[in-house]
K.L.:
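So that we are looking at the same thing, I have put the structure below in structure tokens.
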Amino acid sequence: MRQHTILVPVALASAALLAACSSSPSGGGEGRTPPPESSTPSGTAAGSGPGMPRTVTDGLKVPWAVAFLPGGDALVTERDTARLLRVTPSGRKTAVGTVPGVDAKGEGGLLGVAVSPSYGTDHFVYLYYTAASDNRVVRATYDARLGDLRPIVTGIPKGAIHNGGRLAFGPDRMLYVTTGETGEGGMAQDRNSLGGKILRVTPEGAPAPGNPFGNRVWTYGHRNVQGLAWDGAGRMYATEFGQDRFDEINLILKGRDYGWPVVEGVGHRKGFTDPLLTWTTDQASPSGLAYANGSLWAAALRGERLWQVPLANGKAGRPVSRFQGRYGRLRAVVRTPAGSLWVTTSNQDGRGTPRPGDDRILDVPLR
């Protein structure tokens with residue numbers, strides 16, 4: 001049986017590696033949830049914990065990403081139906097469009113959504129989806145209805161697994177795009193491939209000024225990045241699915257190689273950047289990521305919990321497991337304009353156990 005290891009900072013990596021050597025592989029990614037653990041990981045996080053979640057709305061089908069509009073309403077993607085929903089803080093939901101051409105198979109479908117930082121003047125929204133031949137990023141106007149979609153990044157490799165899909169605008173107002181290596185690890189090390197990368201592009205989809213390799217690639221050596229967040233100082237973090245041993249949170253730095261498929265977890269290998277944190281794949285399969293109140297908040301699919309990871313000057317403290325097993329698989333987590341978190345469940349994705357009302361959006365107050 002796998003020895004359970006709590007999420008650990010890199011400073012504790014040697015202990016994590018020893019734990020892995022004594023355990024049998026269980027497979028990473030979005031795998032089925034193991035039996036509940038017999039104990040809850042210990043540790044204290046900076047500040048107080050979250051309050052009790054409330055359901056904002058339910059009856060959703062695999063809500064994958066959430067992005068807030070000015071005024072407090074949110075756009076929410078459904079992976080398998082290809083619907084884009086508008087959800088109010090009070091929970092009223094409206095379908096504002098079904099994205100044409102979405103090939104929703106395996107882990108593909110309608111994935112990320114982002115709202116332009118200049119939405120008040122340009123009314124642009126951005127979507128990431130799996131099409132017939134590739135994954136792609138498109139831009140459209142949205143003003144009560146979704147306008148025509150214009151592709152701005154195409155040719156991102158697609159597969160039954162590891163399609164990436166997260167979109168987020170950074171403090172530099174550039175668009176960051178996460179891509180997976182579709183199970184073909186070699187493309188993660190190919191800086192000319194769009195697979196297994198974090199991309200940085202202009203709002204028009206061109207390589208952003210200052211990119212390290214003169215193309216759209218910002219960092220490489222990734223297996224399947226699923227979450228992006230920035231702290232108050234502008235440092236960038238990402239969650240990433242491991243394979244058999246370690247999932248990761250990485251501190252993302254320009255031009256760095258994060259090791260996949262040569263290294264999983266901490267390798268102490270020249271030329272590769274070790275993760276900020278690792279934990280065993282049965283405790284996480286980390287998806288969405290947000291920063292709020294001095295902590296990172298990572299939604300866990302297989303681990304069925306919300307991880308709170310305190311930060312201090314870019315270094316991680318000991319995390320705390322929140323709501324373990326209470327709501328099932330958790331996928332997206334986003335800070336709301338009001339300062340709480342919206343977290344989505346993913347129990348309808350074929351790997352969870354649906355509960356009455358699933359899937360849902362939870363509002364998690366922060367105290």
Side-chain angles (χ1 to χ4, degrees), residues 27-33 59-67 75-85 95-114 126-138 140 146 149 151-167 177-188 193-199 222-227 239-243 247 260-261 281 285-288 299-302 328-332 344-354 358-359:
E30 299 189 20
R32 290 186 179 276
T33 304
L60 304 176
K61 292 287 189 181
V62 196
W64 205 93
V66 178
L75 295 178
V76 180
T77 58
E78 288 187 326
R79 187 187 72 183
D80 295 352
T81 68
R83 294 196 307 169
L84 182 66
L85 308 176
V96 300
T98 299
V99 176
V102 172
D103 185 23
K105 296 176 182 176
E107 294 175 7
L110 179 58
L111 304 177
V113 59
Y126 296 76
L127 298 165
Y128 183 116
Y129 70 88
T130 310
S133 60
D134 61 0
N135 286 298
R136 53 183 54 195
V137 180
V138 298
L146 189 64
L149 306 177
I152 63 168
V153 181
T154 59
I156 301 169
K158 63 170 282 190
I161 59 173
H162 303 177
N163 288 287
R166 197 66 60 187
L167 296 178
V177 183
T178 77
T179 73
E181 37 75 294
T182 69
E184 300 292 335
M187 71 173 63
S193 169
L194 297 181
K197 308 295 188 297
I198 295 175
L199 311 179
H222 297 291
R223 186 169 182 262
N224 194 21
V225 172
Q226 291 283 286
T239 53
E240 183 162 352
F241 288 158
Q243 184 173 19
D247 293 323
W260 183 256
T281 55
S285 293
S287 189
L301 289 162
R302 190 176 179 199
R329 294 162 60 81
L330 303 181
R331 187 176 293 276
T344 70
T345 70
S346 193
N347 295 318
Q348 296 272 4
D349 63 8
R351 288 169 169 164
T353 302
D358 278 342
D359 279 313

K.L.:
Backbone N or O of Gly159 within a donor-acceptor pair of the Asn163 side chain at under 3.5 Å?
P.N.:
yes
K.L.:
Shortest non-hydrogen contact from Gly185 to Pro261?
P.N.:
O-CD, 3.3 Å
K.L.:
In the structure I gave you, are the side-chain heavy atoms of Pro63 and Leu85 within less than 4.5 Å of one another anywhere?
P.N.:
no
K.L.:
Pro354 and Gly352: which non-hydrogen atoms are nearest, and at how many Å?
P.N.:
CD-O, 3.5 Å
K.L.:
Just to verify, which of Asp359, Asp349, Thr345 counts as forming a side-chain contact (heavy atoms from CB on, under 4.5 Å) with Arg329?
P.N.:
Asp349
K.L.:
To the nearest 0.5 Å, how far apart are CD1 in Ile156 and OG1 in Thr154?
P.N.:
8.0 Å
K.L.:
Closest approach of Leu110 and Val102, non-hydrogen atoms and distance?
P.N.:
N-CG1, 3.6 Å
K.L.:
Can you list everything that forms a ring-ring contact (aromatic ring centres under 6.0 Å, His included) with Tyr128? Sequence neighbours excluded, please.
P.N.:
none
K.L.:
Measuring only between side-chain heavy atoms, which start at C-beta, is Val66 closer than 4.5 Å to Thr344?
P.N.:
yes
K.L.:
Should Arg331 and Arg79 count as side-chain neighbours, where that means a heavy-atom distance under 4.5 Å?
P.N.:
yes
K.L.:
Specify the closest pair of heavy atoms between Val138 and Pro151, including all atoms of both residues, with the distance to one decimal.
P.N.:
CG1-CA, 3.8 Å
K.L.:
Give the intermediate values and the outcome of side chain to side chain contact (heavy atoms under 4.5 Å, CB included) for residues Arg83 and Thr77.
P.N.:
CA-CA 6 Å; Arg83 294 196 307 169; Thr77 58; over 6 Å; no
K.L.:
Please report the C-alpha distance between Glu78 and Lys61 in whole Å, then the side-chain angles of each, then the deciding distance to 0.1 Å, and finally whether the salt bridge (Lys or Arg N to Asp or Glu O under 4.0 Å) criterion is met.
P.N.:
CA-CA 6 Å; Glu78 288 187 326; Lys61 292 287 189 181; over 6 Å; no
K.L.:
Do His222 and Glu240 meet the criterion of a side-chain donor-acceptor pair at a distance under 3.5 Å?
P.N.:
yes
K.L.:
Stepwise, does the side chain to side chain contact (heavy atoms under 4.5 Å, CB included) test hold for Val137 with Leu167?
P.N.:
CA-CA 9 Å; Val137 180; Leu167 296 178; 4.1 Å; yes
K.L.:
Taking all non-hydrogen atoms of both residues into account, name the closest pair between Met187 and Gly180 and its distance.
P.N.:
SD-O, 4.5 Å
K.L.:
May I ask you to say whether Arg351 pairs ionically with Glu107, meaning some side-chain N is under 4.0 Å from a carboxylate O?
P.N.:
yes
K.L.:
When you look at Phe241 and Leu301, which way does the side chain to side chain contact (heavy atoms under 4.5 Å, CB included) test go after all the steps?
P.N.:
CA-CA 10 Å; Phe241 288 158; Leu301 289 162; 3.7 Å; yes
K.L.:
Roughly how far, to the nearest 0.5 Å, is OG1 of Thr239 from CG of Asn224?
P.N.:
9.0 Å
K.L.:
Roughly how far, to the nearest 0.5 Å, is OG1 of Thr179 from NZ of Lys158?
P.N.:
15.0 Å
K.L.:
So, taking the atom named CD in Glu181 and the one named CH2 in Trp260, what distance separates them when rounded to the nearest 0.5 Å?
P.N.:
6.5 Å
K.L.:
Between Leu84 and Val113, which heavy-atom pair has the shortest distance, and what is it?
P.N.:
CD1-CG2, 4.4 Å
K.L.:
Run through Ser285, Pro286, Ser287 and flag the one making a side-chain contact (heavy atoms from CB on, under 4.5 Å) with Arg302.
P.N.:
Ser285
K.L.:
About how many Å separate OH of Tyr129 and CG of Asp134, when rounded to the nearest 0.5 Å?
P.N.:
8.0 Å
K.L.:
Which value, rounded to the nearest 0.5 Å, describes the distance between Leu111 atom CG and Thr130 atom OG1?
P.N.:
5.0 Å
K.L.:
Walk me through whether Val99 and Leu127 qualify under side chain to side chain contact (heavy atoms under 4.5 Å, CB included).
P.N.:
CA-CA 9 Å; Val99 176; Leu127 298 165; 3.8 Å; yes
